[in-house]
Amino acid sequence: MKMLLGGQWVEREKKIEVRDPFDDSLIDTVPRADAADADAAVAAAVKGFDVSRKMSVHDRARILFKTAGIVESRLEEFALTIAREGSKTIREARKEARRCVNTLTASAEESKRIQGETIPFGSFPGGEKRRGYYERVPVGVVLAVTPFNDPLNLAAHKLGPAVAAGNSVILKPATVTPLSGIKLVEAFMEAGLPELVMQVLTGHGGEIGDALVADPRPRMISFTGGVEAGRRITQIAGLKKIGMELGSNSPVIVWKDADLEWAAETCVSGAFWAAGQNCIGVQRLYVHRDVYEPFKKRFVEITKGYKIGDKLKEETDMGPMISEGEAKRLEGWVREAVKAGARVLTGGRRTGALLEPTVLENVPRNAKIHAEEVFGPTVNLYPVDDADRALAEANSIDYGLHAALFTRDVDLAFKLAYGLECGGVMINDSTDYRLDSMPFGGVKNSGLGREGIKFALQEMTEPKVICWYLPKS
Ligand code: NAP
């Protein structure tokens with residue numbers, strides 16, 4: 001596929017191969033952009049902003065609704081692209097494609113609700129004879145950098161609000177999964193988005209990232225990815241707005257009065273969705289000691305029933321990790337934990353990029369698999385005796401995106417919900433629940449700012465005050 005630069009779909013002599021992580025087959029190639037392309041993309045986006053800022057709200061909404069319709073009409077094609085280039089099974093990929101339609105539809109709807117308010121200038125001495133208001137105006141050029149694990153919907157979470165707000169936008173998708181993002185940009189163009197308002201640059205973050213990020217012309221960077229790249233970006237971005245949707249290590253507390261069957265079922269899915277490569281995936285499960293054994297038995301039973309393998313087969317529950325290297329990395333973390341005393345209850349074996357869904361207990365607190373973001377198909381179980389201890393354990397890691405708890409005790413639920421340090425608490429659901437229009441983001445190392453269309457629109461616009469001095473009033 002080509003990249004969209006300055007209104008043209010272009011190729012480059014240097015290419016990046018996009019391969020299916022399941023069997024390493026070549027799917028397609030994309031151009032390998034360089035720093036000169038990055039500069040050209042920003043220059044084109046600056047011109048694009050001159051166009052986008054003047055687009056009427058109804059035009060932006062119309063294009064967004066139309067883009068949503070295009071994705072919906074080719075849902076299976078988008079799903080196949082997601083499933084082939086990434087880790088998701090075809091059933092998981094269909095869900096992502098459907099969510100992308102929602103994200104774009106909500107962007108169209110929210111574009112009509114970007115509002116300001118009147119300012120009561122008379123509220124302090126010196127404000128007399130002034131009348132005015134503020135509007136929210138687009139920030140300008142937005143640089144959107146996206147990760148591999150939700151290659152379509154996470155791009156939509158940036159492109160949709162950027163267009164809704166009247167910004168121009170440059171998409172830099174993950175190098176291993178660029179095709180879904182390119183197809184989404186194609187849909188925007190087909191829907192009639194004026195050229196230059198959107199660019200898509202394919203290239204290695206390590207090669208073009210600094211040129212894009214340090215360029216003073218973009219007014220906002222909207223980044224979703226790992227904490228390491230996030231830190232690098234914040235160090236060199238200079239004076240611009242920054243949205244950071246980073247990783248996590250999500251805790252779940254299962255109390256003795258919980259519906260254990262539901263908790264086990266939904267937490268297994270939450271742990272192994274997209275082969276665990278999910279920023280809100282379940283990583284640590286703190287289970288009340290009174291129900292620890294029955295919960296563990298059921299959790300392991302359901303996990304053992306998972307069919308792993310070919311992503312394109314309807315019956316497959318879990319596909320490979322994004323690369324063999326990543327699967328080896330996590331296999332090594334499991335081994336390290338086992339050496340230090342952890343027990344593997346099921347899983348742990350690897351073939352190529354396929355790591356079995358793996359459940360562990362007795363994991364030492366200093367093992368990587370406990371303390372770091374695993375971003376893969378492993379989950380740890382721990383028995384706990386009291387709620388304060390469970391809360392302290394849940395909060396003991398320097399991430400805080402989502403947390404979850406299962407209980408029927410309302411007092412306990414409120415206590416834990418307010419005590420958990422994170423951006424969202426799911427009660428009687430796993431951490432892996434997200435509605436695309438809810439505020440989404442984290443605290444601590446999980447990031448800065450919020451996405452979720454309406455909330456991304458706040459970040460991608462800024463208030464502008466219009467104040468009249470009316471001496472005769
Ligand atoms: P990553 O390695 O941080 O890459 C994310 C994106 O950043 C890619 O497009 C990457 O390009 C680019 N990049 C890397 N270095 C860069 C630099 N110096 N300047 C500019 N761009 C740079 O993350 P990933 O492995 O794709 O995704 C996994 C991570 O994303 C996990 O930590 C996960 O938790 C997080 N995540 C967070 C959320 C959320 O909403 N909070 C959602 C999904 C994923 P290349 O691909 O070319 O390296």
Side-chain angles (χ1 to χ4, degrees), residues 3 16 18 21 30-35 38 85-88 96 99 103 143-158 170-182 200-215 218 221-237 242-250 273-281 283 321-323 325-326 329-330 372-376 399-402 422-424 431-432 434 436 438-452 455-456:
M3 61 184 184
I16 294 168
V18 184
V30 293
R32 181 168 167 174
D34 59 19
E85 67 175 344
S87 283
K88 285 188 175 168
E96 183 178 341
R99 283 181 58 187
T103 303
L143 172 61
V145 183
T146 51
F148 74 83
N149 59 313
D150 294 297
L152 181 67
N153 194 35
L154 290 181
H157 265 288
K158 300 186 188 307
I170 303 168
L171 174 66
K172 199 322 258 159
T175 296
V176 283
T177 56
L179 306 176
S180 304
I182 297 176
V200 55
L201 267 193
T202 49
H204 296 286
E207 290 174 9
I208 58 171
D210 284 7
L212 288 167
V213 168
D215 192 308
I221 299 173
S222 173
F223 175 78
T224 302
V227 71
E228 201 183 310
R231 279 217 181 87
R232 167 84 193 150
I233 288 170
T234 53
Q235 278 160 6
I236 65 164
I242 292 186
M244 287 276 150
E245 298 283 339
L246 306 178
S248 199
N249 174 338
S250 302
W273 187 264
Q277 298 156 117
N278 175 5
C279 57
I280 45 177
Q283 182 168 340
M321 290 184 70
I322 194 64
S323 66
E326 272 297 283
R329 188 255 314 154
L330 191 49
E372 314 223 341
E373 178 185 35
V374 292
F375 218 61
Y399 281 112
L401 195 49
H402 274 187
C422 58
T431 50
D432 184 27
R434 177 184 184 186
D436 288 288
M438 74 188 207
F440 185 74
V443 301
K444 303 198 267 192
N445 282 338
S446 291
L448 288 173
R450 293 292 180 269
E451 288 196 341
F455 306 92

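Because only heavy atoms are used, hydrogens play no part in the values below, and waters and symmetry mates are left out as well, while side chains stay in. All ligand and atom numbering here is 1-based and tracks the order in the structure. Sequential numbering from 1 along the given sequence is applied to the chain's residues.
- Gly447 does not count as a contact of ligand 1, since none of its heavy atoms falls under 4.0 Å from the ligand.
- Take Ser87 and apply the side-chain hydrogen bond (donor to acceptor under 3.5 Å, both in side chains) test, not counting sequence neighbours, and it matches Gln277.
- Here CZ of Arg99 is found 10.5 Å from CG of Leu152. Values are rounded to the nearest 0.5 Å.
- Here the shortest heavy-atom pairing between Pro173 and Val200 reads CD-CG2, 3.9 Å.
- Ligand 1 lies nowhere less than 4.0 angstrom from a heavy atom belonging to Gly441.
- Those atoms of ligand 1 that come under 4.0 Å of a heavy atom in Phe223, given as number and element, are 3 (O), 6 (C), 7 (O).
- If you look at Val176 next to ligand 1, there are no close heavy atoms at all, none under 4.0 Å.
- The CD1 atom of Ile170 sits 6.5 Å away from atom CG of Leu201, with the distance rounded to the nearest 0.5 Å.
- Less than 4.0 angstrom separates some heavy atom of Leu401 from each of these atoms of ligand 1: 41 (N).
- The side-chain tip of Arg450 does not point at the ring of Phe455 from less than 6.0 angstrom away and within 45° of straight on.
- Distance alone, capped at 3.5 Å, is enough to place a donor-acceptor pair between the Ser446 side chain and the Gly247 backbone.
- Distances from ligand 1 to the non-hydrogen atoms of Asp150 include no value under 4.0 Å.
- Every atom of ligand 1 with a heavy atom of Arg232 under 4.0 Å away is listed here by number and element: 18 (N).
- The proximity of Leu246 to ligand 1, defined as any non-hydrogen pair under 4.0 Å, is limited to the backbone.
- By the criterion of a heavy-atom distance under 4.0 Å, both the backbone and the side chain of Cys279 are placed next to ligand 1.
- Residues that satisfy the side-chain hydrogen bond (donor to acceptor under 3.5 Å, both in side chains) test with Ser222, not counting sequence neighbours, are Lys158, Glu451.
- When non-hydrogen atoms are compared, ligand 1 lies under 4.0 Å from neither the backbone nor the side chain of Ser446.
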